[in-house]
Amino acid sequence: MRKITPIRMSSEISKAYEPQSVEEKWYARWLEEGCFTADPTSTKPGYSIVIPPPNVTGVLTLGHVLNNTLQDVLARRARMLGKEVLWLPGTDHAGIATQTVVERKLRKEEHKTRRDLGREAFLERVWEWKEKHGGIIIQQLKRLGCSCDWGRERFTMDAGYSRAVQQVFVELYNKGLIYRGKRMVNWCPVSLTALSDEEVIMKAQKGTLYHMRYEVVEEPGRFLEIATTRPETLMGDSAVAVHPKDERYKSLVGKHVWRPFPRAQIPIVADEHIDIEFGTGVLKVTPAHDKADFEIGQRHGLEAIDVLNPDGTLNELAGPEFAGMERFAARKAAAEKLRELGLLVKEEPHQNNVGYSERADVPIEPRLSEQWFLKYPSVEASRQAVASGEIAFRPERWANVYEHWMTNLQDWCISRQLWWGHRIPVWYHKEDATRLHVAVEPPADEANWTQEIDVLDTWFSSWLWPFETMDGATRAKFYPTDDLVTGPDIIFFWVARMIMAGYEFTGQKPFSNVFFTGLIRDMQGRKMSKSLGNSPDPLELIAKYGADGIRFGLLRIAPQGQDIRFDEKQIEEGRNFANKLWNAARFRQMHGPSAPDASLEGVALSCYSTEILARLHTLIAEVDAAYGEYRFNEIGQRLYDFFWSDYCDWYVEAAKTEILGADGAAKASSLAVMDYILNRFLRLLAPFMPHLCEELWATMGFRAPGHGKPFLMYAAWPTAEAPQGAAAARERVEAVYQSVRLARNLRAEVRIPSNKKVGFRLKPQVAWAEEESGTFARLINAETVELDAAYQPASGEPRVLTPLGELYLPLEGAVDADAERDRLEKEIAKVVKEIETVKRKLSNESFVRNAPSAVVEEHRKREGDWADKLSQLRKMREALG
RNA sequence: GGGCAGUUAGCUCAGCGGUAGAGCGGUUCGUUUACACCGAAUUGGUCGGGGGUUCGAUUCCCUCACUGCCCACCA
């Protein structure tokens, strides 16, 4: 193992923490030393996470930063808890997205389409692109500090993985769960492929409801009025439908109407599906272009007339004047023609929901086509696993969303008319198209067969991710995985399907916990998107604030599964916190070397030391509890508050009395306590800010019992002992600190500049006031605090009652008896009010009877405290005259 | 049309049955030998409206309002 040489701090070292070089240095060291490598033969208990594989075309977004930082935190803490950790990385081939990117490039640079190249050549291009430009995001994740086992990076189109995908297809086919059929699917006229229901996004549209009329064949001169939003499909109408109970039209059922163009007689049918209330209560039935219409067509044996080409233009069945016309142009043209024929009754504005293709962002076209479908496997086991808590969803409410989807499953359209993807392992016999060969290997007499040209939906490969990324030995050690961290937006696409695949193909759940993060939005609450340009570049933020800064900033504002409004200020806070820690360590270093083990054996502690150690003890307990509930923001908040406020603002400032004082033993004690705290705190913070903590750990020369490697990232997770005498210390320290706050306030009120040293007088009311007067004086920036039990203040000298006693500020010329009288009287009024409140509460019998005794006790104590304070204030008031 | 979240200080958010919190912002002071990416003090809230349960409600229940998200074949 290589020796680590820490950079020694010196007074020349920069006052501000400069993350760039530190972060890159440590990341390189960790990699060199194999710190991220998972060993399946280890005797330590295993812990594993698989990364939600980002698209190979992807670049890092803030969403990725949050998501992967959370995974990194979990992985790093698990290592410190003594687990053998596997965080398995990789990328997704992302069928449509990647194909589109390469096609666009081809068009731009060579003015060619993929068809110009042909399938084989095009795929070669995609692979070339993938090798060259794919996986940028992997590099970006490294810059963020992700401790993935990069040696195990997987891609969903790796040879072995692809084979597994095809095997799964064959297996499901043989089980009768996969079938081919001509069905109504969601067709994207831009990507020219079928899509699953999940890839369709419903959007509210402002459109027009056209009222038109068809003449009844059997009763010339009588017209049926029909409302439609899609007149361009009327050429594909093969019936009109009314509700069987609709009295208005009962007599017409079984008769016919004239479809105006191409002119034809079509029947009037009765169907339960019709909503009597909507429009005119008459529906034009276009079985080829609407899912509901298709079903009506099935029930009534209607012809499905497909009037659209795959690209969304109309075909010759629509008639010569429409053939070749784009669908939305045709809508206007059809309406216009109806108007000319006198068949358009009216047009009215209408809002309805239209399905859009998630990728291409155009309205999808319901289209009848031959596709492969999957009946989901292991549904009941999967549903049960989440319902019973065998797989825990956090926040829990997502379990309901999952449950709802799982109980309303529709068969999954898994074929895609793309080239980039896993080719469906099916061959059709050239002589006899009904003969199929379904296997991973092509048939022996391959020349007599043609392979299916469609590929599989990308999610049909990603659902195997938690186990197909692992070899046998790895699986034995690390499967099922422990935590999955992902966004709720892919709960159906990915999470639910992985659960089903896990049970179906491994007989086990694929993971035990799923943590759903929130979505990161901009300050206006909008989704981050490329088109809005409101998505900050995380790498720029890293350059500006450091990886640790962005990690900490984001973690601290990421609530449990709630959406997050992003504000760069929050990242700035992360950077500032890093700087604070850096400087606190620097301060400690300025007073000599630290003890590596930072033990407090046999060290006599000041009350301030005892108090901060007690707080550290509490902190560790709280952090552990918060980890147990995945409350990352709370962990961040606790660490921040403890360090900045309790440690830096109070403890270090108080300890300066001893550190800068003459008592060698006392100084050594305070420094040892700082070492103790820093040693533990760096370990606690390491998962959040790994680079900085590792740097300081090395600089300070700390050691800790560890789990194999001489890095902080392998140091044991800290435990803290509650110090002896914590309660007494806390009481004393709190009295001092409270007195400090009051004294500082007094200074400010009397307008003494913060840097001006002044002399105070204290009439002590506690026996130990003398012992703490030095620290007290330091904290209030006093020249002196003279203790004088018999002190007679000049009338009008600024004064305040503190827990240490009456405090006076003898100032030349600033004596104002009226002001002091006012101040005291205001204070007295406040106390009187407090006492009244407490008294009222205590005199309420129901309160005393019903409230928990601890609460009642607290009120009693409070009453006593206030009463004491009041009597002292009154005495001071009398003395003032 | 169903379901789920959210509504707390000017802004972003914690708290979720016992005296309203943080950060940022504002105001005032500060070259106090770690840190101006800092320190101190201070300002600022009938905890969305209305009911109810309770000795007590920002916290639990009901209801309404608005905001956001998910699901759903009303053309």
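In the text below, chain A, chain B and the rest are named by the order of the sequence lines, each starting its count at 1.
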Between B:rA75 (P) and A:Glu348 (CD): distance, integer Å: 13 Å
is_close_aromatic(A:Phe393, A:Trp398), centroid dist under 6.0 Å: no
Counter-base of B:rC73, judged by Watson-Crick or G-U geometry with both distances under 3.5 Å: none
Nearest-Å distance for atom pair OH/P, residues A:Tyr640 and B:rC38: 8 Å
Closest to side chain of A:Asn579, choosing from B:rC55, B:rC74, B:rC37: B:rC37
Touch class at under 4.0 angstrom, heavy-atom based, for A:Glu749 against every strand present: nothing
Sugar-phosphate only, base, or nothing, as touched by A:Pro366 at under 4.0 Å among non-hydrogen atoms: nothing
More than 12 heavy atoms from other groups under 6.0 Å of CD on A:Glu277: no
Chi angles and distances behind the ring pair (Phe, Tyr, Trp, His ring centres under 6.0 Å) call for A:Phe776, A:Phe760: CA-CA 11 Å; A:Phe776 180 57; A:Phe760 283 86; 7.2 Å; no
Check ion pair A:Glu827-A:Lys869 (N to O, under 4.0 angstrom): yes
Centroid-centroid under 6.0 Å between A:Tyr647 and A:Phe681 rings: no
Sugar-phosphate, base or nothing in reach of A:Asn745, heavy atoms under 4.0 Å: sugar-phosphate
A:Glu403 CD to B:rG2 C1', straight-line distance once rounded to whole Å: 16 Å
Spacing of A:Ile201 atom CD1 relative to B:rC71 atom P, expressed in whole Å: 9 Å
Sugar-phosphate only, base, or nothing, as touched by A:Ile274 at under 4.0 Å among non-hydrogen atoms: base
Counterpart base for B:rA40, defined by Watson-Crick or G-U wobble contacts under 3.5 Å: B:rU28
Sugar-phosphate only, base, or nothing, as touched by A:Asn633 at under 4.0 Å among non-hydrogen atoms: nothing
Distance, rounded to the nearest Å, where A:Tyr17 contributes OH and B:rA36 contributes P: 17 Å
Separation of atom CG in A:Asn844 from atom P in B:rU54, rounded to whole Å: 14 Å
Touch class at under 4.0 angstrom, heavy-atom based, for A:Lys656 against every strand present: base
Watson-Crick or G-U wobble partner of B:rA14, both distances under 3.5 Å: none
Sugar-phosphate only, base, or nothing, as touched by A:Lys580 at under 4.0 Å among non-hydrogen atoms: base
Assigned partner base of B:rG6, Watson-Crick or wobble definition, under 3.5 Å: B:rC66
Sugar-phosphate only, base, or nothing, as touched by A:Gln570 at under 4.0 Å among non-hydrogen atoms: sugar-phosphate
Toward the 5' end of RNA chain B, by each residue's nearest nucleotide, A:Val848 or A:Lys841: A:Lys841
Touch class at under 4.0 angstrom, heavy-atom based, for A:Asn353 against every strand present: base
Candidate nucleotides B:rA34, B:rA5, B:rA75, ranked by approach to the side chain of A:Arg397 - the nearest: B:rA5
